[in-house]
Amino acid sequence: MSEQKSIEKSIHIIPLKRVYFGRRANRADRAIRLIRKYLARHYKEAEKIVIDPAINNYVWSRGREKPPRRVVVEVRFDKEEKVVKAFLVRPSKASRK
């Protein structure tokens, strides 16, 4: 018999509005840190947080000074290994040109 892993899946809309309150020069850097902080707050028992490179590319797609206002991610939490993995669900309407 195959082993059944206990993976919990959920979709989150992470607001990045707070990134715009600071300096303009490093907003994308802070957006990635904010995503990691958001996941750590919502999955307290996680020991490791893995962010998919597609999320990073999406945040940096318009440059360092103008990251998106929100990111829609699918979060997969493996309870046995205590690992959170975040994947980009869809880019916003503005970047689908």
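Treat the numbers as computed from the prediction; the structure is a model and nothing was measured. Just the heavy atoms: all of them, side chains too, but no hydrogens, waters or symmetry mates, feed the values below.
Closest approach of Ala28 to Val59, counting heavy atoms only: O-CG1, 3.9 Å. Across Tyr20 and Pro68, no two heavy atoms sit closer than the pair CE1-O, 4.3 Å. The minimum heavy-atom distance linking Val84 with Ala46 is given by the pair CG2-CB, 3.3 Å. In this structure, Ile35 and Ile14 approach most closely via the heavy-atom pair CG2-CD1, 4.0 Å.
Considering CD1 of Ile51 and CZ of Phe87, their distance stands at 11.5 Å, rounded to 0.5 Å. With values rounded to the nearest 0.5 angstrom, Lys85 atom NZ is found 7.5 Å from Ile7 atom CD1. If you take CG on Leu16 and OH on Tyr38, they are separated by 10.5 Å, rounding to the nearest 0.5 Å. Rounded to the nearest 0.5 Å, atoms CD (Glu47) and CG (Asp78) are 11.5 Å apart.
Between His42 and His12, the ring-plane angle classifies as perpendicular under the 30° and 60° cut-offs.
When the shell of 6.0 Å around CZ of Arg41 is examined, it contains more than 12 heavy atoms from other residues, nucleotides or ligands.
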**Q.** salt bridge (Lys or Arg N to Asp or Glu O under 4.0 Å) between Glu74 and Arg76, worked out
**A.** CA-CA 7 Å; Glu74 177 185 342; Arg76 297 178 188 163; 3.1 Å; yes
Q: Start with the C-alpha gap between Arg27 and Glu65, add the side-chain angles, then the distance that decides, and say whether salt bridge (Lys or Arg N to Asp or Glu O under 4.0 Å) holds.
A: CA-CA 5 Å; Arg27 287 179 180 166; Glu65 297 181 356; over 6 Å; no
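With hydrogens and angles ignored, the 3.5 Å screen pairs a side-chain donor or acceptor of Arg36 with a backbone N or O of Ile49.
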